[in-house]
Amino acid sequence: MKHSPAAVTDPPALTAATKKAYWRLVPLTMLMFVVNYIDRVNIGFAKDALESDSGIGAAAYGLGAGLFFITYAVFEIPSNILLERYGAKFWLTRIMISWGLVSALMMFAHNETVFYALRMALGVAEAGFFAGVIFYFTQWFPNATRGRANAALFSASALAAVIAGPLSGALLSMDDTLGLHGWQWMFLIEGLAAVLIGLVVWTRLVSHPSEAPWLSDEEKTALIDRLAAEEAERVATKTDKAPSRWSMLRDPQMLLFCFVYFAAQLAQYAVTFWLPDFVRDIGGLSEFTIGLISVVPFAVAFFAVLAAGQISDRTGLRRTVLGSGFVLAAVGLTAAALASPVLAVVMLIVATIGFKVAASSFYVIPQQYLVGAMVAPGIALINSVGNLGGFVAPTLLGQVESRTGSVDNALLIVAVICLVALAGCALMRYQAGVQDTEQDAALTSAGTDTGTSAGTGTGTGSEPDLPAAGPGRTVGNSG
């Protein structure tokens, strides 16, 4: 149901505060996510080398790639509870340094057992990072600007893939340097990079607006008051009793959130862990060239994700943008499974745009649904269950490839699941106990009461404007 959008403008102090927060914090968290993503998926470039040097075949590779997500899921909620207790600055720094050290130890993966153990240890070390950053954004960004902050974070994974391809390809070419294989250099250098950036995070990250030395007292008050008002509104409109931390899976909306995010992650890791192999199937390419070509889908997706974030914030059509991503993912995966090697890589560009847009558009919906003490564990639960797609995808593709010599049938299965998730998008709600028509009106009213302009350049801070969402943001129907 459509409602007349209401153009609104934020108070100058709030606009200045959100602008400063964006440019101080979002680029730093993007850098963290770039390194995180590279260390998580760099085994895709080492797949053939691990098979020839360590005897790790397709099925074992797929299982090991996926085991990361099992331990990640198990430790996700405890990690985010500890983040609430100790603060984002300390806990995110701890996560970065520990995962960097474990990732560097991947250079000793000389057999399947060590490979499995290190991938599981990496999941323990990384657990809570992504959900922690998403929760961290709820402590800094009002609803109107959080979509762009989320989109920027997700675009960092596309940027990471752009960097990971040529970087990993170049490091793989360092065979026999100081007696090490190229894949050993890749794990060592990319892992230690996370440790170094973790030290930078300790000096730059600010846990809460009240602790920010670069905000004036007026800006701190304006931002804290807005966030508190939005939280109070969510609590007031949540007519159902909030579930306990350990009973959230009985909430049908939470189950739906978990499934939709699972589908996005399933598509993402089906492509990510096997993309170099699709490129390699073209034939006659060096490892460095394979890395360069593997960049293209993620480079295109980087700009698509930023555009999707702008559209989502400007129109309020959260579910529509999310569903569009699943359509593109399903079409791209289906076509890639049926096409020649060159055309398959082209269609994987379409699929990558799709699952990146879906993933980046997703979290703004549960961020509005969850309230109070449920935000951090709720996001952690969605992320941990959803990330099981990262276990299922490589395990499925590895088994199918080992039995048939091709992953085409597995891609078709993933495409079907994306279409099921598309149907699920229509059932997602922003607030518990509120029907969609009421919810749309509440969103429009909230935009009128609280203001949503964050990118018009009316602030007084020295930082550049936020990525533009149009002069005078509007909130229309919710998709």
Side-chain angles (χ1 to χ4, degrees), residues 33 36 40 66-88 91-92 95 99 120 122-139 146 150 153-154 157 231 234-235 238 240-269 318-319 322 355 358-393 417 420-421 424-425 427-433:
F33 199 39
N36 171 263
R40 181 182 296 190
L67 283 174
F68 163 91
F69 297 94
I70 297 296
T71 51
Y72 190 103
V74 170
F75 288 93
E76 180 88 339
I77 292 179
S79 179
N80 275 266
I81 293 173
L82 291 172
L83 182 145
E84 281 189 276
R85 178 177 301 175
Y86 294 110
W91 199 248
L92 292 177
I95 289 174
W99 102 51
M120 294 177 72
L122 187 62
V124 175
E126 282 194 32
F129 172 71
F130 177 75
V133 174
I134 291 293
F135 169 71
Y136 178 61
F137 281 176
T138 69
Q139 308 300 294
R146 200 178 303 139
N150 287 352
L153 182 65
F154 275 92
S157 66
E231 174 67 8
R234 285 194 293 270
V235 172
K238 191 174 179 69
D240 295 338
K241 182 180 179 181
S244 69
R245 293 176 188 267
W246 304 110
S247 65
M248 286 184 289
L249 278 175
R250 292 201 297 267
D251 182 345
Q253 279 296 302
M254 290 297 293
L255 288 173
L256 183 59
F257 289 148
C258 289
F259 172 72
V260 170
Y261 192 60
F262 168 86
Q265 296 301 93
L266 184 73
Q268 171 164 314
Y269 289 108
R318 310 295 196 187
R319 294 176 300 185
L322 174 63
F355 63 68
S360 68
S361 305
F362 169 77
Y363 265 107
V364 71
I365 301 175
Q367 278 173 332
Q368 292 177 228
Y369 179 82
L370 296 164
V371 298
M374 294 298 102
V375 177
I379 290 173
L381 176 64
I382 294 167
N383 194 57
S384 59
V385 175
N387 263 321
L388 291 177
F391 170 75
V392 174
I417 293 174
V420 177
C425 292
L427 302 176
M428 293 171 68
R429 291 182 291 161
Y430 296 91
Q431 298 166 340

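Just so you know, these numbers use all the heavy atoms, side chains as well, and skip hydrogens, waters and symmetry mates. On a predicted model such as this, the values are computed, not experimentally measured, just so you know.
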Trainee: Side chains of residues 125-136: which donor-acceptor partners sit under 3.5 Å, not counting sequence neighbours?
Mentor:
unit_1	atom_1	unit_2	atom_2	d
Glu126	OE1	Asn36	ND2	2.8
Glu126	OE1	Arg40	NE	3.4
Glu126	OE1	Arg40	NH2	3.3
Tyr136	OH	Trp140	NE1	3.4
Tyr136	OH	Val206	O	2.3

Trainee: For the CD1 atom of Ile379 and the OH atom of Tyr261, what is their distance to the nearest 0.5 Å?
Mentor: 11.0 Å
Trainee: Taking only residues two or more places apart in sequence or in another chain, which ones pass side chain to side chain contact (heavy atoms under 4.5 Å, CB included) with Ser360?
Mentor: Phe154, Val305
Trainee: Under the salt bridge (Lys or Arg N to Asp or Glu O under 4.0 Å) definition, can you give me all pairs with a residue in residues 256-268, not counting sequence neighbours?
Mentor: none
Trainee: If you compare all heavy atoms of Leu322 against all heavy atoms of Ala358, which two are closest, and at what distance to 0.1 Å?
Mentor: CD1-O, 3.1 Å
Trainee: Could you walk me through whether Tyr72 and Asn383 satisfy the side-chain contact (heavy atoms from CB on, under 4.5 Å) test, starting with their C-alpha distance in whole Å, then the side-chain angles of each, then the deciding distance to 0.1 Å, before giving a yes or no?
Mentor: CA-CA 9 Å; Tyr72 190 103; Asn383 194 57; 3.4 Å; yes
Trainee: Going by the rule side chain to side chain contact (heavy atoms under 4.5 Å, CB included), which residues pair with Ala267 if we only count those two or more places apart in sequence or in a different chain?
Mentor: Leu333, Phe355, Val414, Cys418
Trainee: Take Phe137 and Tyr363 through the ring pair (Phe, Tyr, Trp, His ring centres under 6.0 Å) test and state the conclusion after the steps.
Mentor: CA-CA 11 Å; Phe137 281 176; Tyr363 265 107; over 10 Å; no
Trainee: State, yes or no, whether a side-chain contact exists between Ile70 and Met120 at a heavy-atom distance under 4.5 Å.
Mentor: no
Trainee: Shortest non-hydrogen contact from Ile382 to Phe362?
Mentor: CG2-CE2, 3.6 Å
Trainee: Gln265: what forms a side chain to side chain donor-acceptor pair (under 3.5 Å) with it, not counting sequence neighbours?
Mentor: Asn387
Trainee: If every non-hydrogen atom of Phe262 is compared with every non-hydrogen atom of Leu388, which pair is closest and at what distance?
Mentor: CE1-C, 3.7 Å
Trainee: Any chance you could measure Gln139, atom CD, to Glu84, atom CD, to the nearest 0.5 Å?
Mentor: 8.0 Å
Trainee: Using the test side chain to side chain contact (heavy atoms under 4.5 Å, CB included), find all partners of Leu256 that sit at least two apart in sequence or belong to another chain.
Mentor: Gln253, Val260, Leu427, Met428
Trainee: CG of Leu122 to OG1 of Thr71: how many Å apart, nearest 0.5 Å?
Mentor: 7.5 Å
Trainee: Classify the ring geometry between Phe257 and Tyr369 as parallel (under 30°), tilted (30 to 60°) or perpendicular (over 60°).
Mentor: perpendicular
